[in-house]
2 protein chains.
Amino acid sequence: MIKNKTRYAILGALSLMQGSGYDIKKFCDNSISHFWNENYGHIYPVLAQLEKEGCIEQVNQNSDNRRKVYQSTQKGKEEFTSWLMTPIDYQPARSELLLKLFYGNFAPKDKILLMLNEVRESKMKQLDEFKRIEDSYIDDEKAQESEVYVYWVAPLRYGIIATEAFIKWCDETIDRIENK
Amino acid sequence: MIKNKTRYAILGALSLMQGSGYDIKKFCDNSISHFWNENYGHIYPVLAQLEKEGCIEQVNQNSDNRRKVYQSTQKGKEEFTSWLMTPIDYQPARSELLLKLFYGNFAPKDKILLMLNEVRESKMKQLDEFKRIEDSYIDDEKAQESEVYVYWVAPLRYGIIATEAFIKWCDETIDRIENK
DNA sequence: ACGTACATGTAAATGGTTACATGATTGA
DNA sequence: TCAATCATGTAACCATTTACATGTACGT
């Protein structure tokens, strides 16, 4: 049935907090969106599946009875930890940008340059956002003492380093196309 | 029905050469695999679809009559060029590595370090391969004069720059985890 | 009272991979 | 003659996204 990654994204979220499907979606959008995404169409069925398997359970709560608040069970925690230690799946590459660029000679030069400048622009904005978050981390001394600090910084640093590299590549590529 | 990207990967391949589904698959595996992949389950149905729509046509050929060799039609060429000029689709991020790392505190430190060292190792190999190809380009003066040269170099340079950045990030992340 | 955000879920469509079936050709 | 590669295709499965349906709660 519905398998793999969403399952672990949910178990991961519920290892940090208890919450509803809606909360998990918000967590994905707000906290890990730069390296992960989920949508409701996936979350709710997997949540039901995980409950059926005893990996998560509903938390009794008297207040808002629309909400189904879940927490991870021992079984769920164990499955999550064991997944953390399994090797990364190979992900076949699919870059629409590089595919288009590879065939760039079939389009007018200025259109290709426009495309590159647009992606460069959007990456610059992303980089600014990453650096803003990094600055807020650097100012927060308590956070730095936390056990999880290095693991939260790592994806952010990845965003920064990868985006800087991307912009560098844009610059040299734009330059090379302009001067050809 | 079956839509979008495979369609353009095929039209792109057939803009450089004429060939069969099998040839297109080989082309993907050999020439553009570091930024694109296709499989037979996608290629053959899309090939049939494209022929039905008049974007490609079969080439008469007397030799091997098992093979169905296709070439792009005027219509196909126009559709491909116009696709080249449309904006890049947004791709939601999904990095299993970063997801696992984000939750790294739930696994033993040495397992996380092992994981990072493994991906670092495999990226090093990839980088060597990219540089080997780059060297062969640099030695080839005729290739450099070609109109398409910049467009063929760009994805390769992307591979090099992005992979170098990745390794740099691995190093700093491994270091940070070791010293925590 | 109205709009926005909260909240859960399903159905359908789309996208992509893997496994299978089938057989010809080529070279060692 | 045996293995590898060439060659085409289908079916089943798995994964993902989008659209839809439905209704509540809360602040202004």
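Here is the naming used below: chain letters follow the sequence lines, and residue numbers restart at 1 for every chain.
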Answer yes or no: does atom NZ of A:Lys125 have more than 12 heavy-atom neighbours from other residues, nucleotides or ligands under 6.0 Å? no
Please report, rounded to the nearest Å, how far the C1' atom of C:dG9 is from the CG atom of A:Leu47. 11 Å
Ignoring backbone atoms, establish whether B:Arg94 has a side-chain N or O less than 4.0 Å from OP1 or OP2 of D:dA15. no
Short side-chain donor-acceptor distance under 3.5 Å, B:Gln91 and A:Glu96: no
Between OG on residue B:Ser15 and CG on residue A:Asn105, distance to nearest 0.5 Å: 10.0 Å
Nearest whole angstrom, please: distance from the C1' of C:dT8 to the CD of A:Gln58. 12 Å
Which comes earlier along DNA chain D counting from the 5' end, the contact point of B:Pro92 or that of B:Tyr40, where each point is its nearest nucleotide? B:Tyr40
Expressed in angstrom and rounded to an integer, what is the separation of A:Gln49 atom CD from D:dT16 atom P? 15 Å
Could you state the CG-P distance from A:Asp29 to C:dC6, rounded to the nearest angstrom? 11 Å
Parallel, tilted or perpendicular, as decided by the 30° and 60° cut-offs, for the rings of A:Trp83 and A:Tyr8: parallel
Does B:Arg67 put a side-chain nitrogen or oxygen below 4.0 Å from OP1 or OP2 of C:dT25? no
C:dT8, OP1 or OP2 - any side-chain N/O from A:Tyr44 closer than 4.0 Å? yes
Compare side-chain N and O positions of A:Lys68 against OP1 and OP2 of C:dG9 and report whether any pair is under 4.0 Å apart. yes
Below the 4.0 Å mark, does D:dC6 have OP1 or OP2 next to a side-chain nitrogen or oxygen of B:Lys25? no
Is A:Ser20 close enough to C:dT8 that one of its side-chain N or O atoms is under 4.0 Å from OP1 or OP2 there? yes
Hey, is the side chain of B:Asn39 poking within less than 4.0 Å of OP1 or OP2 on C:dG15, counting only N and O atoms? no
Taking 4.0 Å as the cut-off, does a side-chain nitrogen or oxygen of A:Tyr22 come that near to OP1 or OP2 on C:dT8? no
Could you give the CD1-to-C1' distance, from B:Ile43 to D:dC6, as a whole number of Å? 14 Å
Please state how far atom NZ in B:Lys26 lies from atom P in D:dA4, giving the value in whole angstrom units. 18 Å
If each of B:Tyr70 and A:Glu38 is mapped to the nucleotide of DNA chain D with the nearest heavy atom, which maps nearer the 5' terminus, i.e. the 5' end? B:Tyr70
Look at the rings of B:Trp152 and A:Phe102 and say which category their plane angle falls in: under 30° parallel, 30 to 60° tilted, over 60° perpendicular. parallel
Euclidean distance, atom CZ of residue A:Phe27 to atom C1' of C:dC6 [Å, nearest integer]: 19 Å
Return the value, rounded to whole Å, for the distance between atom CG of A:Asn30 and atom C1' of C:dA5. 13 Å
